[in-house]
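To start, the structure under review is shown below, and the notes come after it.
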Amino acid sequence: MSFKLRILGRPRLETAGGESVSLATRKAEALLYYLAAHPNDWIPRDALCALLWPRSAPEQARASLRQELAVFRKAFRRFDVVPLRTDGDKLTLSHEVFETDLAAFYALLNQGTAAAREQALSIYGGRFLKEVSIKSNPFDDWARQSASDIETRALREAMRHLEDAQS
């Protein structure tokens with residue numbers, strides 16, 4: 001079973017067959033989005049705690065993270081997949097289970113061809129994590145900065161595409 005995750009524009013998660021999948025809490029969704037935006041990174045649990053529960057004591061933030069991880073895993077249990085991988089105190093999304101528009105966007109841009117650039121721009125569905133806020137300053141700040149960076153890259157590539165078309 002694989003899942004398609006759209007995070008360029010308004011986020012949407014669905015099975016490869018098009019069935020919509022939702023997570024029970026905004027923090028579980030935020031966890032998914034953050035891990036999806038860092039496809040090859042192993043994220044320390046403490047970093048996730050600081051991102052999602054910045055005003056909580058470390059023990060409380062760890063307990064909250066454990067709770068959200070349980071919510072996260074429960075959402076995927078019925079599909080018989082392991083959505084997360086762990087290595088000691090670090091986590092990553094099981095990227096063989098998730099296809100993201102953001103990863104496809106960057107992979108196409110990295111090919112460097114005009115055709116790949118055009119295809120990447122067609123994938124760009126709008127502002128990264130459009131209308132997502134969990135009222136956690138570190139997460140919301142990260143999401144805003146990431147959106148700005150991605151938008152800048154998309155605009156730069158669109159300009160290159162126009163220049164290529166005029167040549």
Side-chain angles (χ1 to χ4, degrees), residues 1-23 26-48 50-52 68-69 72-73 75-76 79 81-87 90-134 136-167:
M1 171 64 69
S2 65
F3 298 88
K4 295 180 181 181
L5 176 61
R6 177 187 181 125
I7 51 181
L8 294 173
R10 187 172 302 203
R12 185 175 69 238
L13 175 64
E14 56 188 34
T15 65
E19 178 185 348
S20 183
V21 179
S22 61
L23 302 178
R26 289 185 311 159
K27 294 276 176 111
E29 290 173 348
L31 180 65
L32 172 64
Y33 305 150
Y34 188 81
L35 293 173
H38 297 88
N40 299 311
D41 297 339
W42 287 88
I43 310 297
R45 290 175 191 259
D46 287 343
L48 294 170
L51 185 74
L52 300 171
E68 293 303 324
L69 289 171
F72 190 90
R73 288 180 176 113
F76 294 97
F79 300 107
V81 298
V82 178
L84 297 168
R85 292 185 295 154
T86 60
D87 181 14
K90 297 177 184 173
L91 330 160
T92 193
L93 205 58
S94 294
H95 292 284
E96 61 278 359
V97 174
F98 294 91
E99 296 174 29
T100 68
D101 55 352
L102 182 62
F105 174 77
Y106 279 125
L108 287 163
L109 290 181
N110 290 337
Q111 288 180 23
T113 67
R117 185 178 312 112
E118 182 175 0
Q119 194 175 357
L121 292 170
S122 73
I123 288 173
Y124 185 78
R127 191 158 179 85
F128 175 73
L129 297 180
K130 183 178 181 181
E131 299 178 17
V132 170
S133 173
I134 64 164
S136 163
N137 289 346
F139 178 86
D140 292 340
D141 290 347
W142 165 79
R144 264 191 306 280
Q145 184 60 55
S146 296
S148 178
D149 294 347
I150 295 164
E151 192 171 73
T152 298
R153 177 81 189 267
L155 289 171
R156 185 172 55 239
E157 296 299 335
M159 292 301 294
R160 286 182 67 196
H161 182 67
L162 288 173
E163 290 168 2
D164 289 347
Q166 293 174 350
S167 303

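For the single chain, residues carry numbers from 1 onward in sequence order.
Listed for the Asp101 side chain is no donor-acceptor partner under 3.5 Å among the backbone atoms of Ile123. Of the possible donor and acceptor atoms, none in the side chain of Gln111 sits under 3.5 Å from a partner among the backbone N and O of Ala116. For Thr92 (side chain) and Asp41 (main-chain N/O), a donor-acceptor pair under 3.5 Å exists by modelled atom type. Side-chain atoms of Ser94 come within 3.5 Å of backbone N or O of Val82 as a donor-acceptor pair. Proximity of a side-chain donor or acceptor of Lys27 to a complementary backbone N or O of Ile134 within less than 3.5 Å is not detected. The closest donor-acceptor contact from the side chain of Arg26 to the backbone of Ser133 lies under 3.5 Å.
Between atom CD of residue Glu29 and atom CZ of residue Phe72 there is a gap of 10.5 Å, rounded to the nearest 0.5 Å. Between the CZ atom of Arg85 and the CH2 atom of Trp42 there is a distance of 4.5 Å, given to the nearest 0.5 Å. Note that the CG atom of Leu13 and the CG atom of Leu23 stand 6.5 Å from one another [nearest 0.5 Å]. Rounding to the nearest 0.5 Å places CG of Leu32 at 9.5 Å from OG1 of Thr100. Here the straight-line distance linking atom CZ of Arg117 with atom CG of Leu109 works out to 8.0 Å at 0.5 Å rounding. Atom NZ of Lys130 sits about 9.5 Å away from atom CZ of Arg6, to the nearest 0.5 Å.
Closest approach of Val81 and Pro83 over heavy atoms only: O-CD, 3.4 Å. Considering all non-hydrogen atoms of both residues, Arg127 and Glu151 come closest at NH1-OE1, 3.2 Å. Nearest heavy atoms, Pro138 versus Ala50: CG-O, 3.6 Å. Taking all atoms of both residues into account, the shortest heavy-atom contact from Val132 to Asp140 is O-OD1, 4.4 Å.
Asp141 and Gln145 form no side-chain donor-acceptor contact under 3.5 Å, judged by distance and modelled atom types alone.
For the pair Tyr106/Arg153, a side-chain contact is recorded, criterion being any heavy-atom separation below 4.5 Å from C-beta on. Between Leu84 and Phe76, the closest side-chain pair of non-hydrogen atoms is not below 4.5 Å.
By the salt bridge (charged side-chain N to carboxylate O under 4.0 Å, His left out) test, Arg160 is found to be paired with Glu157, residues two or more places apart in sequence or in another chain being considered.
Taking the six-membered ring for Trp and thresholds of 30 and 60 degrees, Trp142 and Phe128 have ring planes more than 60 degrees apart, a perpendicular arrangement. By the 30° and 60° cut-offs, the orientation of the rings of Phe79 relative to Phe3 is perpendicular.
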I would like to know whether Arg156 and Met159 meet side chain to side chain contact (heavy atoms under 4.5 Å, CB included); could you show each step before the answer?
CA-CA 5 Å; Arg156 185 172 55 239; Met159 292 301 294; 5.8 Å; no

### Task
List the steps, then state whether side chain to side chain contact (heavy atoms under 4.5 Å, CB included) holds for Leu48 with Ile43.
CA-CA 7 Å; Leu48 294 170; Ile43 310 297; 3.7 Å; yes

| said: Run the side chain to side chain contact (heavy atoms under 4.5 Å, CB included) test on Leu121 and His161 for me, step by step, so that the C-alpha distance in whole Å, both residues' side-chain angles and the decisive distance to 0.1 Å come before the verdict. | reply: CA-CA 9 Å; Leu121 292 170; His161 182 67; 3.9 Å; yes

After noting the C-alpha distance and the side-chain angles of Arg45 and Lys90, does the key distance pass the side chain to side chain contact (heavy atoms under 4.5 Å, CB included) rule? CA-CA 6 Å; Arg45 290 175 191 259; Lys90 297 177 184 173; over 6 Å; no

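Tested against Tyr34 for a side chain to side chain contact (heavy atoms under 4.5 Å, CB included), the candidates Leu93, Ile7, Leu51, Leu129 yield a single pass: Leu51.
Taking 4.0 Å as the cut-off between side-chain N and carboxylate O, Glu14 and Arg12 count as a salt-bridged pair.
Checked against the 6.0 Å centroid threshold, Phe105 and Tyr124 count as a close aromatic pair.
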